[in-house]
Amino acid sequence: MESIHKKLAIVGEVGAGKTQLIKVISEISPFATEAKSTEDIGKDFTTVGIDYGRLSLDQDVALGLFGLPGQKRFSMLWEMVRKGLWGLLILVKYGDELNAEALNTLLEFFQPTENSLPVVVGITHAENADSDALDELSGRVEAILLEHNTFAPIMPVDPRQVESSLMLLELFLSLNQFAEPEANPNEYMNYDGGVEVNG
Amino acid sequence: MKRVACLSTIQSLSNDTSSSFNVIDIFNSTRAYNLEHQITGSFIVNNDYVLMIVEGESTHLGNIIFKTRQDNRLMDFSMIMNVEIAEPEFTSWGIKLLKQGNEGQERIYEKLNNIFKDDFKAKNAIDKKRLQCFLDAASKLKTNQTKVKPIESSTSLKAESSSRPAQVKDFQYQNSMISLTGWPKPGKIKLTPELIKICARLVGRPHRFEDLLQEKLVASEAALVARLNELHGLGIMRKHRVDEKPTLVGIKGGLSNKPRVSSTDRFSTVLKNFLSASKH
Ligand SMILES: Nc1nc2c(ncn2[C@@H]2O[C@H](COP(=O)(O)OP(=O)(O)O)[C@@H](O)[C@H]2O)c(=O)[nH]1
């Protein structure tokens with residue numbers, strides 16, 4: 001049987017929680033991961049400094065997890081995983097200054113809308129954040145996403161917790177099932193706005 | 001090919017101090033058309049003012065201007081630039097919120113204050129004043145770039161939420177078509193697997209209530225209504241005419257209701273099974 005490997009890119013600044021998340025998800029694999037020769041797509045990556053892990057779901061089905069630094073100077077690493085991505089997870093560390101420029105560069109590079117690439121923004125280190133501050137940060141992230149014509153769920157994530165990490169996969173699964181690879185422009189030509197429910 | 005710029009003022013909702021919910025809506029209403037007709041440009045918002053710059057073939061620009069002018073959420077519509085261009089300055093159609101918190105917008109500063117400045121022709125005092133607000137705001141963005149942003153500065157997208165006590169319980173979902181203008185803010189609601197599924201369907205895409213029900217996203221009709229009420233209470237829900245085509249809201253790749261992967265897709269199935277097994 002042909003093996004299925006999907007790729008999830010996890011991008012974020014140092015300390016955002018990439019390594020932690022990859023570790024937690026890899027460890028819940030229902031199938032033991034013996035890095036099997038050429039099948040193990042991770043092998044090439046670890047040598048160049050990409051954080052790698054995998055969620056093995058079946059003998060021949062796995063999700064590769066690729067932790068990538070968020071700054072532009074690492075875009076050659078982004079290049080290595082960009083093709084055929086199943087999802088792009090952006091981790092933002094709560095309490096750090098939001099690096100809008102890095103986020104812009106990242107979105108410009110991956111072009112999620114053009115590529116029908118599902119995006120989720122996880123806010124880490126947010127367990128003690130107050131809800132207004134969380135909304136404020138997510139509003140700023142949302143504004144940047146909108147500039148790239150991208151809608152994405154923005155949610156607090158604790159990569160140390162299995163449940164929280166699984167929720168991310170749940171999100172990507174839903175987004176993947178309901179995003180169209182190639183939108184047909186004719187389908188939305190006649191749209192003329194809508195009526196506000198609350199208006 | 002032309003570049004046209006127009007100024008307008010957002011009509012504030014009487015019961016709402018923030019007009020940003022409207023702003024995103026107005027932007028959304030032109031997004032589909034602009035994508036379709038390769039219109040590039042920017043919908044720039046500064047407080048209550050909108051500066052819309054569009055580039056493309058003149059007939060299409062005419063349509064978009066006509067449409068925007070008719071939008072009764074915008075007032076004092078005025079064209080302040082209409083020039084022939086060889087090639088566009090923008091690569092896509094997007095929204096820009098000129099707020100101090102929104103860093104990384106050097107390009108809009110560059111365009112407004114350097115590239116376009118001489119082409120702006122403000123005809124009267126009101127237009128001059130409005131235009132100046134944009135130029136000033138853009139310059140401020142530039143000078144504030146390196147400063148640490150105060151955390152309490154509010155974002156203009158923080159629309160809906162608390163200031164909107166929506167009359168949730170009066171709303172009938174049956175026989176109506178609904179969509180969400182965006183994902184819920186994390187501080188307002190905790191996403192559950194049920195909400196995730198509902199939002200993944202509805203963000204930017206109108207669906208009939210009955211179709212959602214049929215998809216069995218949640219256990220019962222009552223549960224679906226309860227989840228929708230939660231979302232409705234956040235002020236991110238829109239109701240559409242039922243005869244409207246069940247498609248759109250303008251984001252390429254987010255338009256169709258058709259599943260991207262068929263339900264037989266092995267990876268999805270295996271992952272789905274794994275996730276439901278992990279819940280116990
Ligand atoms: N309290 C808290 N700690 C976290 C969270 N996410 C990650 N960490 C911790 O922060 C540290 C840095 O995380 P790491 O995964 O190494 O970040 P990376 O640089 O992005 O790979 C580790 O000790 C993590 O356990 C979070 O949401 N809350």
Side-chain angles (χ1 to χ4, degrees), chain A residues 4 6 28 30 57-58 61 63 97 100-101 103-104 113-114 116 123 131-136 138-140 142-144 146-156 166-167 169-171 173-181 183-185 187-199, chain B residues 25 29 32 35-36 92 94-97 101-104 148 151 154-155 157-158 164 166 171 179 182-183 185-188 191 193 196-197 199-201 203-204 206 232 235 237-241 245 247-248 250-256 258-261 266-268 270-272 274-275 278:
Chain A
I4 303 170
K6 300 275 177 184
I28 49 175
L57 293 164
D58 204 340
V61 182
L63 176 66
E97 186 67 13
E101 210 171 313
L103 188 51
N104 269 315
T113 302
E114 284 75 5
S116 300
I123 301 179
S131 64
D132 281 348
L134 205 54
D135 281 357
E136 197 273 340
S138 82
R140 283 159 58 204
E142 187 179 9
I144 297 171
L146 273 174
E147 288 180 18
H148 297 265
N149 257 327
T150 302
F151 281 132
I154 302 165
M155 63 185 285
L166 288 177
M167 186 67 85
L169 299 181
E170 190 97 41
L171 259 172
L173 183 64
S174 287
L175 291 170
N176 264 295
Q177 285 185 301
F178 289 88
E180 179 84 332
N184 174 2
E187 281 185 291
Y188 52 89
M189 252 178 89
N190 298 322
Y191 181 71
D192 66 345
V195 185
E196 274 175 47
V197 171
N198 296 323
Chain B
D25 251 11
S29 71
L35 256 176
E36 164 76 358
S92 63
I95 185 167
K96 293 260 183 300
L97 305 166
N102 299 346
E103 309 92 336
V148 174
I151 194 82
S154 74
T155 161
L157 284 172
K158 198 175 169 174
R164 253 174 194 275
F171 190 71
S179 72
W183 283 82
K185 287 278 185 296
K188 296 288 176 291
L191 284 177
I196 287 174
K197 286 181 201 147
C199 294
R201 299 297 188 286
V203 171
H232 187 183
M237 191 176 283
R238 295 168 76 199
K239 191 179 178 186
H240 302 260
R241 288 195 320 270
K245 288 177 80 186
T247 44
L248 147 72
I251 279 203
K252 213 173 163 184
L255 294 167
S256 170
K258 275 178 262 143
R260 172 187 185 173
V261 279
R266 175 115 191 282
F267 180 79
S268 300
V270 173
L271 179 57
K272 201 185 290 171
F274 165 69
L275 290 173
S278 309

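Source: prediction; values computed, not measured. Each chain gets a letter, A, B and so on, in the order its sequence line appears, and its residues count up from 1.
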What's the separation between atom CZ in B:R201 and atom CG in A:L175, rounded to the nearest 0.5 Å?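 Going from the CZ atom of B:R201 to the CG atom of A:L175 covers 10.0 Å.
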
Measure the CG-NZ distance between A:L169 and B:K272 for me, rounded to the nearest 0.5 Å.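 It comes to 14.0 Å.
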
Is there side-chain contact between [X] and [Y], with at least one heavy-atom pair below 4.5 Å?
X: A:L171; Y: B:K197; answer: no
X: B:F274; Y: A:D58; answer: no
X: A:K6; Y: B:L271; answer: no

Which pair of heavy atoms, one from [X] and one from [Y], lies closest together, and at what distance?
X: A:E147; Y: B:L97; result: OE2-N, 4.2 Å
X: A:P153; Y: B:L191; result: CB-CD1, 4.4 Å
X: B:P186; Y: A:M155; result: CB-CA, 4.1 Å

For chain B, find which of A:L103, A:L173, A:I28 contributes the most heavy-atom pairs closer than 4.5 angstrom.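 Highest number of heavy-atom pairs under 4.5 Å: A:L173.
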
Name the member of B:I95, B:V270, B:I196 that forms the most heavy-atom pairs with chain A at distances under 4.5 Å. B:I196

